[in-house]
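Accompanying notes for the structure given below.
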Amino acid sequence: MKLDAAYYPNDNVVWLAKDLLGKVLYTNVNNSITAGIIVETEAYFGIEDKASHAYGGRRTNRTETMYCMGGIAYVYLCYGMHNLFNVVSSVDGDPHAILIRAIEPLVGIDIIEERRKMVSTKASISSGPGSAAKALGIDRSFNAKILTGDEIWIEDQNIKYTEQDIVATPRVGIAYAQEHALLPLRFFVKGNKYVSKPNKI
DNA sequence: AAACGGATTGGCT
DNA sequence: GCCAATCCGTTTC
(Lines give C-alpha, C1' and ligand atoms only; values in the text may rest on other atoms or scores of the structure.)
Protein backbone atom coordinates (compact mmCIF):
# COMPACT_ATOMS: atom_id res chain seq x y z
CA MET A 1 0.00 0.00 0.00
CA LYS A 2 1.03 3.59 -0.66
CA LEU A 3 2.60 5.43 2.27
CA ASP A 4 0.29 8.25 3.28
CA ALA A 5 1.09 11.85 4.07
CA ALA A 6 1.32 11.16 7.81
CA TYR A 7 4.41 9.00 7.32
CA TYR A 8 6.73 11.84 6.32
CA PRO A 9 6.52 14.61 8.97
CA ASN A 10 8.41 12.31 11.40
CA ASP A 11 11.34 14.26 12.88
CA ASN A 12 13.47 11.15 13.45
CA VAL A 13 15.35 11.22 10.15
CA VAL A 14 17.69 8.40 11.15
CA TRP A 15 14.78 6.10 11.89
CA LEU A 16 13.12 7.09 8.61
CA ALA A 17 16.30 6.50 6.60
CA LYS A 18 16.39 2.94 7.93
CA ASP A 19 12.65 2.43 7.62
CA LEU A 20 12.71 3.39 3.95
CA LEU A 21 14.94 0.40 3.20
CA GLY A 22 12.65 -2.20 1.64
CA LYS A 23 10.01 0.35 0.65
CA VAL A 24 9.22 0.55 -3.06
CA LEU A 25 9.75 3.83 -4.92
CA TYR A 26 7.45 4.32 -7.95
CA THR A 27 7.45 6.87 -10.72
CA ASN A 28 5.00 7.42 -13.56
CA VAL A 29 6.65 9.31 -16.40
CA ASN A 30 4.44 9.74 -19.48
CA ASN A 31 2.45 6.66 -18.44
CA SER A 32 5.59 4.58 -18.09
CA ILE A 33 5.51 3.13 -14.59
CA THR A 34 8.76 1.97 -13.04
CA ALA A 35 9.66 1.09 -9.48
CA GLY A 36 12.51 -0.19 -7.39
CA ILE A 37 13.12 -1.43 -3.86
CA ILE A 38 15.06 1.13 -1.83
CA VAL A 39 18.25 -0.59 -0.68
CA GLU A 40 20.52 2.32 0.27
CA THR A 41 19.82 5.68 1.94
CA GLU A 42 21.56 8.54 3.70
CA ALA A 43 20.10 10.78 6.42
CA TYR A 44 20.66 14.55 6.35
CA PHE A 45 19.56 16.01 9.66
CA GLY A 46 19.01 19.68 8.90
CA ILE A 47 20.47 23.02 9.89
CA GLU A 48 23.03 21.53 12.28
CA ASP A 49 24.32 19.04 9.69
CA LYS A 50 27.52 20.31 8.12
CA ALA A 51 26.97 17.99 5.16
CA SER A 52 23.52 19.40 4.40
CA HIS A 53 22.77 22.10 1.88
CA ALA A 54 20.63 23.61 4.64
CA TYR A 55 23.50 23.80 7.13
CA GLY A 56 23.35 26.93 9.25
CA GLY A 57 19.77 27.57 8.21
CA ARG A 58 20.83 28.39 4.69
CA ARG A 59 17.82 29.28 2.54
CA THR A 60 18.27 29.66 -1.19
CA ASN A 61 15.98 28.98 -4.09
CA ARG A 62 17.48 25.50 -4.22
CA THR A 63 17.28 24.58 -0.53
CA GLU A 64 13.82 26.03 -0.01
CA THR A 65 12.29 22.68 -0.97
CA MET A 66 13.82 21.04 2.07
CA TYR A 67 12.15 23.50 4.43
CA CYS A 68 8.70 22.43 3.29
CA MET A 69 6.53 19.98 5.20
CA GLY A 70 7.78 16.41 4.88
CA GLY A 71 6.32 14.36 2.06
CA ILE A 72 7.76 15.95 -1.07
CA ALA A 73 10.76 15.28 -3.30
CA TYR A 74 13.99 17.28 -3.20
CA VAL A 75 15.81 16.79 -6.49
CA TYR A 76 18.94 18.74 -7.28
CA LEU A 77 21.69 18.65 -9.85
CA CYS A 78 25.11 17.42 -8.80
CA TYR A 79 28.31 17.77 -10.82
CA GLY A 80 26.29 19.56 -13.46
CA MET A 81 24.76 16.35 -14.76
CA HIS A 82 23.38 14.01 -12.10
CA ASN A 83 19.91 14.35 -10.61
CA LEU A 84 19.91 13.29 -6.97
CA PHE A 85 16.59 12.38 -5.36
CA ASN A 86 15.79 12.95 -1.69
CA VAL A 87 12.72 12.41 0.43
CA VAL A 88 11.94 15.56 2.44
CA SER A 89 10.87 14.73 5.98
CA SER A 90 10.05 16.38 9.32
CA VAL A 91 7.80 19.40 9.67
CA ASP A 92 7.59 22.74 7.89
CA GLY A 93 10.74 24.76 8.64
CA ASP A 94 12.91 21.75 9.63
CA PRO A 95 14.93 20.80 6.51
CA HIS A 96 15.47 17.07 6.97
CA ALA A 97 16.13 14.95 3.88
CA ILE A 98 16.89 11.35 3.02
CA LEU A 99 19.01 10.70 -0.05
CA ILE A 100 18.04 7.59 -2.00
CA ARG A 101 21.38 6.12 -3.06
CA ALA A 102 20.36 2.83 -4.66
CA ILE A 103 17.34 0.82 -5.71
CA GLU A 104 16.76 -2.76 -6.84
CA PRO A 105 14.76 -2.70 -10.10
CA LEU A 106 11.29 -4.20 -9.55
CA VAL A 107 8.69 -2.83 -11.98
CA GLY A 108 9.08 -1.78 -15.62
CA ILE A 109 12.51 -3.31 -15.90
CA ASP A 110 12.53 -3.03 -19.70
CA ILE A 111 11.96 0.73 -19.39
CA ILE A 112 14.70 1.01 -16.77
CA GLU A 113 17.10 -0.89 -19.04
CA GLU A 114 16.33 1.46 -21.89
CA ARG A 115 16.88 4.56 -19.73
CA ARG A 116 20.19 3.26 -18.48
CA LYS A 117 21.21 1.54 -21.70
CA MET A 118 22.33 -1.59 -19.92
CA VAL A 119 20.78 -4.83 -18.69
CA SER A 120 19.28 -5.06 -15.22
CA THR A 121 21.65 -7.82 -14.22
CA LYS A 122 24.39 -5.19 -14.13
CA ALA A 123 24.45 -3.79 -10.61
CA SER A 124 25.45 -0.37 -11.87
CA ILE A 125 22.05 0.08 -13.53
CA SER A 126 20.67 1.62 -10.34
CA SER A 127 23.62 1.74 -7.95
CA GLY A 128 24.51 5.19 -6.64
CA PRO A 129 22.18 8.19 -6.33
CA GLY A 130 22.60 9.52 -9.87
CA SER A 131 22.03 6.10 -11.41
CA ALA A 132 19.04 5.25 -9.21
CA ALA A 133 17.31 8.51 -10.12
CA LYS A 134 18.00 8.05 -13.81
CA ALA A 135 16.71 4.48 -13.71
CA LEU A 136 13.36 5.76 -12.45
CA GLY A 137 13.27 8.71 -14.86
CA ILE A 138 13.64 11.27 -12.06
CA ASP A 139 14.99 14.67 -13.10
CA ARG A 140 14.76 18.18 -11.70
CA SER A 141 11.17 18.53 -12.84
CA PHE A 142 10.31 16.24 -9.91
CA ASN A 143 11.63 18.76 -7.40
CA ALA A 144 9.00 19.66 -4.77
CA LYS A 145 6.51 17.14 -6.15
CA ILE A 146 4.30 15.58 -3.52
CA LEU A 147 5.15 11.95 -2.72
CA THR A 148 1.54 10.93 -2.27
CA GLY A 149 0.44 11.88 -5.79
CA ASP A 150 0.33 9.86 -9.00
CA GLU A 151 3.67 10.86 -10.53
CA ILE A 152 5.96 9.69 -7.73
CA TRP A 153 5.09 7.74 -4.60
CA ILE A 154 6.40 5.14 -2.17
CA GLU A 155 4.70 1.87 -1.26
CA ASP A 156 5.08 -0.53 1.62
CA GLN A 157 4.94 -3.99 0.07
CA ASN A 158 5.85 -5.73 3.30
CA ILE A 159 9.50 -6.22 2.40
CA LYS A 160 11.11 -6.20 5.83
CA TYR A 161 14.75 -5.99 6.81
CA THR A 162 15.87 -6.57 10.38
CA GLU A 163 18.62 -4.63 12.15
CA GLN A 164 20.92 -7.51 11.26
CA ASP A 165 20.23 -7.01 7.56
CA ILE A 166 21.12 -3.31 7.73
CA VAL A 167 24.63 -1.85 7.73
CA ALA A 168 25.40 1.72 8.89
CA THR A 169 28.49 3.51 7.57
CA PRO A 170 29.66 7.11 7.13
CA ARG A 171 28.01 9.04 4.31
CA VAL A 172 29.68 9.23 0.90
CA GLY A 173 31.30 12.26 -0.70
CA ILE A 174 31.01 14.69 2.22
CA ALA A 175 34.57 14.86 3.53
CA TYR A 176 34.13 18.63 3.84
CA ALA A 177 31.63 18.15 6.67
CA GLN A 178 34.37 17.96 9.33
CA GLU A 179 33.16 16.20 12.49
CA HIS A 180 29.94 15.20 10.78
CA ALA A 181 31.76 13.40 8.00
CA LEU A 182 32.16 10.24 10.05
CA LEU A 183 28.66 9.95 11.49
CA PRO A 184 27.12 6.56 10.56
CA LEU A 185 24.16 7.99 8.67
CA ARG A 186 24.36 5.88 5.53
CA PHE A 187 22.27 2.74 5.64
CA PHE A 188 22.14 -0.16 3.23
CA VAL A 189 20.93 -3.71 2.88
CA LYS A 190 23.76 -6.10 3.58
CA GLY A 191 24.73 -8.17 0.56
CA ASN A 192 22.37 -6.47 -1.91
CA LYS A 193 24.16 -6.22 -5.24
CA TYR A 194 22.69 -2.82 -6.12
CA VAL A 195 24.24 -1.06 -3.11
CA SER A 196 26.84 1.46 -4.29
CA LYS A 197 30.50 0.68 -3.97
CA PRO A 198 32.08 3.05 -1.46
CA ASN A 199 32.58 1.35 1.91
CA LYS A 200 30.59 -1.65 0.71
CA ILE A 201 30.76 -4.52 3.16
C1' DA B 1 27.55 39.10 -15.86
C1' DA B 2 31.02 35.69 -14.54
C1' DA B 3 33.33 32.37 -11.75
C1' DC B 4 33.07 28.33 -8.80
C1' DG B 5 32.88 23.67 -7.33
C1' DG B 6 30.25 19.52 -6.25
C1' DA B 7 25.49 14.35 -1.39
C1' DT B 8 29.15 11.33 -8.90
C1' DT B 9 29.94 8.28 -12.59
C1' DG B 10 32.21 5.27 -15.55
C1' DG B 11 36.12 4.31 -18.16
C1' DC B 12 40.76 2.87 -17.85
C1' DT B 13 44.75 0.40 -15.55
C1' DG C 1 40.75 0.26 -7.56
C1' DC C 2 41.93 4.78 -9.17
C1' DC C 3 41.31 9.06 -11.32
C1' DA C 4 39.57 12.63 -14.16
C1' DA C 5 35.70 14.50 -17.13
C1' DT C 6 31.96 17.44 -16.98
C1' DC C 7 28.20 20.95 -16.73
C1' DC C 8 24.91 24.05 -14.75
C1' DG C 9 22.80 26.08 -10.49
C1' DT C 10 24.43 28.94 -7.00
C1' DT C 11 26.93 32.47 -5.44
C1' DT C 12 29.33 36.52 -5.78
C1' DC C 13 31.00 40.70 -8.12
Side-chain angles (χ1 to χ4, degrees), chain A residues 13-14 16-18 20-21 25 36 38-68 70 72-90 94-105 112-145 147 152 167-188 192-201:
Chain A
V13 71
V14 173
L16 269 178
K18 284 195 272 190
L20 282 170
L21 295 174
L25 174 61
I38 297 170
V39 295
E40 180 179 353
T41 61
E42 278 180 4
Y44 286 82
F45 59 93
I47 64 173
E48 295 182 6
D49 183 353
K50 290 189 174 180
S52 172
H53 297 155
Y55 174 60
R58 209 148 179 281
R59 294 184 92 118
T60 66
N61 195 48
R62 176 173 72 152
T63 65
E64 199 59 33
T65 305
M66 280 197 282
Y67 288 86
C68 296
I72 62 171
Y74 171 49
V75 183
Y76 74 96
L77 196 65
C78 184
Y79 288 95
M81 59 188 103
H82 308 298
N83 294 289
L84 273 56
F85 167 75
N86 298 250
V87 172
V88 174
S89 66
S90 195
D94 190 22
H96 288 183
I98 298 147
L99 174 67
I100 304 303
R101 289 192 55 88
I103 59 146
E104 178 178 334
I112 291 173
E113 289 180 332
E114 187 180 328
R115 286 180 183 140
R116 296 285 294 132
K117 302 192 171 24
M118 65 177 83
V119 294
S120 60
T121 49
K122 288 195 72 170
S124 56
I125 195 170
S126 53
S127 176
S131 302
K134 191 170 182 190
L136 294 175
I138 296 171
D139 62 19
R140 273 179 33 74
S141 71
F142 279 80
N143 186 49
K145 276 200 198 303
L147 296 176
I152 183 166
V167 182
T169 71
R171 293 172 291 182
V172 177
I174 52 142
Y176 57 84
Q178 303 171 31
E179 74 270 24
H180 293 160
L182 295 179
L183 295 174
L185 296 180
R186 171 176 177 239
F187 305 99
F188 61 82
N192 188 287
K193 72 186 273 192
Y194 296 98
V195 170
S196 66
K197 261 201 296 202
N199 311 320
K200 191 166 179 175
I201 297 207

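Remember, predicted model here, so these are calculated numbers, not experimental data. Throughout, a chain's letter reflects where its sequence line sits, starting with A, and its residues are numbered from 1.
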(message) Among B/dG6, B/dT9, B/dA7, which nucleotide has an atom closest to any side-chain atom of A/His53?
(response) B/dA7
(request) Test A/Ile112 against every option in A/Pro105, A/Ser120, A/Ser126 by the side-chain contact (heavy atoms from CB on, under 4.5 Å) rule and name the one that passes. (result) A/Pro105
(message) Does B/dT8 have its OP1 or OP2 closer than 4.0 Å to a side-chain nitrogen or oxygen of A/Arg171?
(response) no
(request) State whether A/Tyr76 places a side-chain N or O below 4.0 Å from either non-bridging phosphate oxygen (OP1 or OP2) of B/dG6. (result) no
(message) Looking at C/dT6, which nucleotide sits across from it as a Watson-Crick or G-U wobble partner, both distances under 3.5 angstrom, or is there none?
(response) none
(request) Measure the distance from NZ on A/Lys134 to P on B/dA7 and round it to the nearest whole Å. (result) 20 Å
(request) Quickly work out the A/His82 NE2 to B/dG5 P distance and round it to whole Å. (result) 19 Å
(message) Looking only at the side chain of A/Tyr74 (C-beta and beyond, no hydrogens), which of the listed nucleotides B/dA7, C/dT10, B/dG10 gets closest?
(response) B/dA7
(request) Could you check A/Ile174 against A/Ser124 and say which one's nearest nucleotide on DNA chain B is further toward the 5' end? (result) A/Ile174
(request) Look at the side-chain N and O atoms of A/Ser131 and state whether any lies under 4.0 Å from the OP1 or OP2 oxygen of B/dG10. (result) yes
(message) I'd like the P distance from C/dT12 over to B/dA7, given in whole Å.
(response) 15 Å
(request) Would you check if A/Tyr44 stacks with the base of B/dA7, given a 5.5 Å centroid limit and a 30° plane limit, both strict? (result) yes
(request) Please find out if less than 6.0 Å separates the ring center of A/Tyr44 from that of A/His96. (result) no
(request) Let me know the distance between OH of A/Tyr79 and C1' of B/dT8, rounded to the nearest Å. (result) 6 Å
(message) Is the shortest side-chain heavy-atom distance between A/Pro95 and A/Thr63 below 4.5 Å?
(response) no
(request) Could you check which nucleotide pairs with B/dA7 in any of the strands shown, counting Watson-Crick or G-U wobble with both distances under 3.5 Å? (result) none
(request) Over all heavy atoms of both residues, which pair between A/Met66 and A/Ser52 is shortest? Give the atoms and the distance, please. (result) CE-OG, 4.2 Å
(request) Kindly point out which of C/dG9, B/dT9, B/dA7 is positioned nearest to the side chain of A/Arg140? (result) C/dG9
(request) Would you tell me if any nitrogen or oxygen in the side chain of A/Arg62 comes within less than 4.0 Å of OP1 or OP2 on C/dC8? (result) no
(message) Taking the minimum atom-to-atom distance to the side chain of A/Cys78, which one of C/dT11, B/dA7, C/dT10 wins?
(response) B/dA7
(request) Check whether any side-chain heavy atom of A/Phe45 lies under 4.5 Å from a side-chain heavy atom of A/Leu183, and answer yes or no. (result) yes
(request) Check every atom of B/dT8, C/dT10, C/dG1 against the side chain of A/Lys197 and return the nucleotide holding the closest atom. (result) C/dG1
(message) If I take atom CE in residue A/Met81 and atom C1' in nucleotide C/dT10, what distance separates them, rounded to the nearest angstrom?
(response) 17 Å
(request) Check the distance between B/dT8's C1' and A/Ile100's CD1 and give it to me in whole angstrom. (result) 17 Å
(request) Remember a base hit wins even if backbone is also touched, and classify A/Leu77 as base, sugar-phosphate or nothing at under 4.0 Å, heavy atoms. (result) sugar-phosphate
(message) Taking only side-chain N and O atoms of A/Thr60, does any of them lie within less than 4.0 angstrom of OP1 or OP2 on C/dT10?
(response) no
(request) Name the closest nucleotide to the A/Leu84 side chain, picking from C/dT10, B/dA7, B/dG10. (result) B/dA7
(request) Report the distance from atom CD of A/Glu64 to atom P of C/dT10, rounded to the nearest whole Å. (result) 12 Å
(request) Could you tell me whether a side-chain N or O of A/Ser127 sits under 3.5 Å from a main-chain N or O of A/Ala102, the two making a donor and an acceptor? (result) no
(message) Using whole Å, what does the distance between atom P of nucleotide B/dG11 and atom NZ of A/Lys117 come to?
(response) 13 Å
(request) In whole angstrom, give the distance that lies between atom CG of A/Asn61 and atom P of C/dT12. (result) 15 Å
